[in-house]
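Positions are given from 1 along the sequence. Numbering of ligands and ligand atoms starts at 1, following listing order.
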Amino acid sequence: MSQATIIFEKDAVVLGNELLKSLVENSKGPFGVHVVDGELLVIVKEIKEKKQTLDEVRMLAGNLARELSNRKVEGAKVNEADVSEAFNQDQAETVTAFVEGWHLGAYKFLTYKTKEEEFVTSLNFENEEATKEAAKIGKLRAEATAFTRDLMNEIPNVLNPESFPKVLQEEFEGTDVDVKVFDKAKLEEMEMNGILAVGRGSKHDPAFVELTYKGDDSKPLVALVGKGVTFDTGGISLKSGRDLSDMRMDMGGAAAVAGAMKLLASTKAKVNVVALIQIVENMPDSNSLLPGEVITYKNGHTVQVGNTDAEGRLILADGLIRAGELEADYVINIATLTGAVVMALGSSVAGIFGDEDLMFEMKKVGDANGDRVWPLPLIEDYDSSLNSDYADFSNISNRPYAGSITAGLFLRKFVHDPSKWIHVDKAGRMDGKDNGYYSKGAPGFGARLLADFTEHLSK
Ligand code: BES
Ligand code: ZN
Ligand code: ZN
């Protein structure tokens with residue numbers, strides 16, 4: 001069937017009570033797909049709760065898009081007023097959320113599937129003209145999030161420290177985002193000693209990428225710092241005993257930051273933002289960083305490497321120092337940093353640390369756009385667990401608990417004092433399944449969170 005019409009249960013009375021009842025009863029999920037009088041009808045069951053959220057609009061749209069795209073239905077039509085009424089939300093915002101959810105739900109990473117082609121059921125609103133602007137924003141939000149997903153899903157022999165900067169250069173060519181790539185020689189000149197140390201074991205030279213977007217340079221400078229470990233084997237402190245293929249997604253912080261920049265630039269946001277991306281591959285080799293080595297940072301701190309698998313904080317430190325040099329007013333770093341945060345919060349929400357007022361503002365932004373976060377405390381008492389015998393501190397805690405907090409305490413030592421700072425640990429939001437607007441693979445967490453939060457800080 002080539003075209004589908006999406007209707008809501010209460011708007012489907014035209015079908016006649018008995019027919020409608022039987023169709024609704026026969027559908028197992030929140031909606032049913034039926035052929036009625038030769039027409040393809042999608043009936044969404046009544047949405048009972050009074051106050052629905054925009055994230056539920058995105059979830060429904062994502063499920064609808066995946067189902068219809070899998071059935072190779074060419075197009076679907078929906079009445080925008082019906083959707084916003086069903087969810088009791090503002091119409092323009094509902095249209096944006098519906099389009100955003102639609103494209104993200106239909107997303108598939110198919111680069112290496114030789115027998116499958118991308119197919120997305122096109123979506124039309126009843127009133128094309130009135131919904132055009134809101135729909136366009138939804139599409140741009142989905143495209144930026146899909147960019148984050150693509151980067152994370154990409155295989156680690158293709159996306160490595162040498163190719164990643166090139167992908168960023170290509171992506172932002174001809175846009176308002178300025179891309180600067182610092183190679184190994186430049187890293188040495190800039191004393192980015194954490195990146196250089198962690199990158200030593202890889203056949204690919206490490207890199208640092210600075211993306212600048214000045215939508216309005218009178219606004220406070222926001223620095224987005226992303227961990228870009230294109231593969232984390234653990235290094236000499238090698239990971240063991242499980243499938244490591246997910247560790248290709250250890251550049252999820254970098255991917256989030258890049259997606260946020262794409263979204264801010266494509267929507268011409270009035271913000272002043274710089275993305276600072278540290279790119280390395282963490283590999284064991286005869287040149288590798290050894291446990292016991294001491295790294296001296298540009299800001300004077302010396303760090304004893306207790307474990308080469310705690311590499312994320314070692315490279316983020318260089319990004320945080322750089323954010324200080326640029327005198328950023330706000331510094332937000334994001335990383336797939338610790339297994340401990342997954343133990344604490346599971347896989348539905350990311351942990352955040354840092355400035356308390358700012359964290360609660362970020363939580364509100366995430367609650368609204370679906371990239372949910374939860375504040376965790378930086379307990380001062382635990383700071384001494386980072387003590388080292390022969391350097392200023394160690395990159396690992398000497399106690400077995402609160403691993404995500406001690407990682408946050410480590411990072412805080414590199415934040416330039418006047419900046420307001422938040423650290424986002426997205427290790428739990430690295431990978432996922434088909435569900436609503438989430439598709440199998442990376443959920444693309446962080447692109448919308450960081451873009452919306454940057455706009456929030458720039459109001
Ligand atoms: N990339 C990992 C963190 C991670 C673990 C992300 C699981 C996603 C899922 C990070 O570099 C790491 O290995 N962290 C160690 C730190 C430890 C050695 C102090 C960890 O969490 O075990
Ligand atoms: Zn690691
Ligand atoms: Zn890592």
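Ranking protein heavy atoms by distance to atom 12 (C) of ligand 1, first place goes to D309 O, 3.2 Å. From the protein, the heavy atom lying nearest to atom 18 (C) of ligand 1 is N307 ND2, 3.6 Å. Of the protein's non-hydrogen atoms, G339 N, 2.7 Å is the one closest to atom 21 (O) of ligand 1.
Put simply, the side chain of F360 reaches to within 4.5 Å of the side chain of P375, judged on heavy atoms.
By the criterion of a heavy-atom distance under 4.0 Å, neither the backbone nor the side chain of V229 is placed next to ligand 1.
At under 3.5 Å, not a single nitrogen or oxygen of R313, backbone or side chain, sits near a nitrogen or oxygen of ligand 1.
For the residue pair V229 and E311, the shortest heavy atom distance occurs at CG2-OE2, 3.6 Å. What you find for G351 and L345 is that their closest heavy atoms are CA-CD1, 3.5 Å.
Put simply, the side chain of R429 gets close to the backbone of S347: a donor and an acceptor are under 3.5 Å apart.
Looking at E143 and K262, no side-chain N of the basic residue comes within less than 4.0 Å of a carboxylate O on the acidic one, giving no salt bridge.
Both the sub-6.0 Å distance and the 45° axial angle are not jointly satisfied by R149 relative to the ring of F109. Relative to the six-membered ring of F208, K186 misses at least one condition, a distance below 6.0 Å or an angle of at most 45° to the axis.
Side-chain contact of S388 with S394: a donor-acceptor pair under 3.5 Å is absent, judged by distance alone. Side-chain contact of S384 with R399: a donor-acceptor pair under 3.5 Å is present, judged by distance alone.
Close approach of ligand 1 to L337 is summarised as follows: ligand atoms under 4.0 Å from at least one heavy atom of the residue are 2 (C), 3 (C), 10 (C), 12 (C), 14 (N).
When K227, R429, M343, M247 are checked for heavy-atom proximity to atom 7 (C) of ligand 1, M247 turns out nearest.
Protein nitrogen, oxygen and sulfur atoms, that is N, O or S, within less than 2.8 Å of the Zn ion (ligand 3) amount to 4.
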